[in-house]
Amino acid sequence: MIIELKNLEKINIYAFQNDLISWFKQEQRDLPWRKNQDPYKIWVSEIMLQQTRVDTVIPYFNRFIEWFPTIEDLAKAEEDKVLKAWEGLGYYSRVRNLQSAVQEVSEKYNGEVPNTPEEIAGLKGVGPYTAGAILSIAYGIPEPAVDGNVMRVISRVLSIWDDIAKSSSRKIFEKAVRQLISHDDPSSFNQALMELGALICTPTSPACLLCPVRDHCQAFDEGVQNELPIKTKKTKTRDVQLAAAILLDENKKVLIHKRPSTGLLANLWEFPNVEIHHPLQEDREQISESFQSLLDVNIKLERIIGQIQHTFSHLVWNIMVYSGTINSSFQESEEWKLVSFEEMKEFAFPVSSQKMIKLFHEYQME
DNA sequence: AAGTCGGGGCC
DNA sequence: GGCCCAGACTT
């Protein structure tokens, strides 16, 4: 906490703000959430952008706003449709929290996104970054919005050597931004820091020769811009073996299952699957029995149609994919349904399931 | 403080 | 293959 305060004194704050904001106004990308300052749209964009690249978000954002143009539209929507709008984007709890928070805004705040740090940070899924982003961008309130870009940029500008992977580090950067932020235009200031991080002050090989704040940058001055930020690597993934089955009844309907409301891929749909704890010891007979214990009608595994590997942040699924049949006397429920391939398009599936659908269609071509 | 939670793009 | 990305939440 001492070092960066000392380095802050080396900065001409007004010149820094001016150089940064002027550059931003010239060079900023034309993004769909920058067309106005609707707090709801800013909010949606910030949730989507968490751990997700701008280019990935753009089409999702446009469709989401088409489907749910206002807070009230999202508040009253079916959760299945909300998840469908998020299908393929990942971190699905983001959108379930968003809908929950939007419902709270509808009921508790008369449909108006609150504009105080305490109220907005109390909303589900709105952490320190998102709170600051909405307050500054939608309401022009000078609050820091410290994301990965901002930590990288500020660590270089102020030559801060704390490990940005540690959760305690964020406070250091928030404190620095509070000193640096423009009170005339907090929105442009915060967005400019992030835009600079995305376009110029990139993780590897930053484009310092094009940087509008190079003259203020202590890392550049010291020649250590490629050493910063300090970020320790995270733990590696673990492997999980699964067997999954695409089971068709006599009417060519497929059995699908809704995942539990908590944990990985919560409330998304999937094909029935079981974990294989001892891959070398379990034969097809045992796997078949494992499937059978999920259901109370006879199923039959016909053959293996392929194998899929799917990587998450913290684990890897290795899935042996079977095709098979199920008796159509099967009793459907809230979490087990028989659907046609056409009807299946209305349900939200994780990408791993979409890979299996593709596999199945390829197998049918043969 | 460390784990959980997705998926894709880039090197 | 590993790293990163406009992070938040749980334990």
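Note on naming: letters A, B, ... go to the chains in the order of the sequence lines (proteins, then strands), and numbering restarts at 1 for each one.
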### Message
Looking at Trp336(A), I'd like to know if the NZ or CZ of Lys258(A) sits under 6.0 Å from its six-membered ring centre while staying within 45 degrees of the ring's axis.
### Response
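That pair does not qualify as a cation-pi contact.
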### Task
Walk me through it: do Phe189(A) and His183(A) pass the test ring-ring contact (aromatic ring centres under 6.0 Å, His included)?
CA-CA 9 Å; Phe189(A) 182 87; His183(A) 286 242; 9.6 Å; no
### Query
When you match Pro203(A) and Leu123(A) each to their closest nucleotide on DNA chain C, which lands nearer the 5' end?
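Its nucleotide being nearer the 5' end, the pick is Pro203(A).
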## Note on the structure
On DNA chain C, more 5' by nearest nucleotide between Lys236(A) and Val126(A) is Lys236(A)
### Message
Please evaluate residues Arg156(A) and Gln218(A) with respect to the criterion side-chain hydrogen bond (donor to acceptor under 3.5 Å, both in side chains), reporting the C-alpha separation (whole Å), side-chain torsions for both, the decisive distance (0.1 Å), and the verdict.
### Response
CA-CA 7 Å; Arg156(A) 286 170 175 160; Gln218(A) 292 169 31; over 6 Å; no
### Message
For Leu265(A) and Ser167(A), find the nucleotide of DNA chain B closest to each by heavy atoms; which residue's nucleotide sits nearer the 5' end?
### Response
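Looking at DNA chain B, the more 5' nearest nucleotide goes with Ser167(A).
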#### Entry: Position toward the 5' end of DNA chain B (nearest nucleotide), Leu268(A) or Ser168(A)
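Looking at the nearest nucleotide for each, Ser168(A) comes out on the 5' side.
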Between [M] and [N], how far apart are the [atom1] atoms? Round to whole Å, please.
N: dA1(B); M: dC5(C); atom1: C1'; answer: 22 Å
N: dC3(C); M: dG3(B); atom1: P; answer: 15 Å
N: dA6(C); M: dC10(B); atom1: P; answer: 13 Å
N: dC4(C); M: dG6(B); atom1: C1'; answer: 14 Å

Rounded off to whole Å, could you give me the [atom1]-to-[atom2] distance for the [X] and [N] pair?
X: Gln309(A); N: dG7(B); atom1: CD; atom2: C1'; value: 14 Å
X: Phe312(A); N: dT4(B); atom1: CZ; atom2: C1'; value: 12 Å
X: Glu87(A); N: dG8(B); atom1: CD; atom2: P; value: 11 Å

Could you tell me how the ring of [X] sits relative to the ring of [Y]: parallel (under 30°), tilted (30 to 60°) or perpendicular (over 60°)?
X: Tyr363(A); Y: Phe360(A); answer: tilted
X: Trp86(A); Y: Phe64(A); answer: perpendicular
X: Phe347(A); Y: Trp269(A); answer: perpendicular

Assign [X] to base, sugar-phosphate, or nothing according to its heavy-atom contacts below 4.0 angstrom with the strands shown.
X: Gly88(A); result: sugar-phosphate
X: Lys124(A); result: sugar-phosphate
X: Arg259(A); result: nothing
X: Trp86(A); result: nothing
X: Lys231(A); result: sugar-phosphate
X: Leu89(A); result: base
X: Thr204(A); result: nothing

### Message
Within residues 90-99 of chain A, which residues have any heavy atom lying less than 4.0 Å from an atom of DNA chain B?
### Response
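Within this stretch, Gly90(A), Tyr91(A), Tyr92(A) sit under 4.0 Å of the strand.
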### Message
Can you list, in residue-number order, the parts of residues 40-67 of chain A that come under 4.0 Å of DNA chain B, counting heavy atoms only?
### Response
Gln51(A), Thr52(A), Arg53(A)
### Query
How about Val316(A) and His310(A): do any of their side-chain heavy atoms sit closer than 4.5 Å?
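Not touching, per the 4.5 Å side-chain cut-off.
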Residue pair [X] / [Y]: nearest heavy atoms and the distance that separates them:
X: Leu196(A); Y: Pro212(A); result: CD1-CD, 3.6 Å
X: Ser187(A); Y: Ile137(A); result: OG-CA, 3.6 Å
X: Val57(A); Y: Trp33(A); result: CG1-CZ3, 3.7 Å

### Message
Whether His310(A) contacts dG7(B) is assessed here as follows: a side-chain N or O lying under 4.0 Å from the phosphate OP1 or OP2. Is that the case?
### Response
yes
### Query
With respect to the phosphate group of dC5(B), does any side-chain polar atom (N or O) of His314(A) fall under 4.0 Å of OP1 or OP2?
yes
## Note on the structure
chain A vs DNA chain C, heavy-atom contacts under 4.0 Å, first-to-last nucleotide span, 5' to 3', is dC3(C) to dC9(C)
### Message
Is it the case that the side chains of Glu79(A) and Asn267(A) hold a donor-acceptor pair, with the cut-off being a distance below 3.5 Å and no angle test?
### Response
yes
### Query
Is there a donor in the side chain of Trp43(A) and an acceptor in the side chain of Ser45(A), or the other way round, less than 3.5 Å apart?
no
### Residue among Asn190(A), Asp184(A), Asp185(A) satisfying side chain to side chain donor-acceptor pair (under 3.5 Å) with Ser188(A)
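Among Asn190(A), Asp184(A), Asp185(A), the one that satisfies the side chain to side chain donor-acceptor pair (under 3.5 Å) with Ser188(A) is Asp185(A).
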